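Just below is one structure, and these are the notes that go with it.
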Amino acid sequence: MSSLVRMSNALLLRNLAYHSLRSARLISSSQKNRDAATLDIPKKAAAPSPAAAATAGATKNWVSYGFDRKDQTNDTSAMNASFFFAVTLCLVLGSAYWAYVPDPQLQDWAQREGYLELRRREAAGLEPISKDFVDPAQIVLPSDEELGNTEIII
């Protein structure tokens, strides 16, 4: 039994080694400068000024924000302006306005009036809500014959 276990372990190790070597990607990192032919061509243009070199170095790795793909300063200015208007004006000032705007549906007023009426009725010794809130003589209910087998849900 132990020989079968050892043999299965050997097969597992062999398969593991085979697959790991097969999936390995070997990359040569040696310099091949000797193999390539190079030509030295003198440049006729004058050397750029230090200011132009600094600007070229700054825009070398520039990634546009999507507002202007050709000019970095315009792109940055447009991004800053749009985020200022979107975040500061819309979100911050809009939230402050929404928080402090008067109640358009008068819900707060209705609740205060309800509490005042409840206090007045309790002080007068009345029930909080009268069972005869509407005069029963004004309510017209259907008779039992008109209702028939209609289910009444209360």
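If you read the sequence from its start, that first residue is 1, and numbering goes on from there. What you see is a predicted model; the values in this text were computed from it and never measured.
By the 4.5 Å heavy-atom criterion applied to side chains, Arg112 and Asp108 are counted as neighbours.
Residues Phe84 and Leu93 share a single hydrophobic cluster, defined by chaining ILVMFWY side chains whose heavy atoms lie under 4.5 Å apart. One hydrophobic cluster, built from ILVMFWY side chains closer than 4.5 Å, cannot hold both Leu141 and Ile152; they sit in different ones.
Annotation: the span from Leu126 atom CG to Leu118 atom CG amounts to 11.0 Å, rounded to 0.5 Å. Note that OG1 of Thr76 and OH of Tyr65 are 6.0 Å apart. Values are rounded to the nearest 0.5 Å. To the nearest 0.5 angstrom, Thr88 atom OG1 is 11.5 Å from Phe83 atom CZ.
Panel note: side chain Asp68, backbone Asp75; no donor-acceptor pair is recorded below 3.5 Å.
Checked for salt-bridge contact, Arg119 and Glu122 miss the test: no charged N lies under 4.0 Å from a carboxylate O.
A pairwise comparison of heavy atoms in Glu127 and Arg121 identifies O-NE, 2.8 Å as the closest pair.
Using modelled atom types, one finds no donor on one side chain facing an acceptor on the other under 3.5 Å when comparing Ser130 with Asp132.
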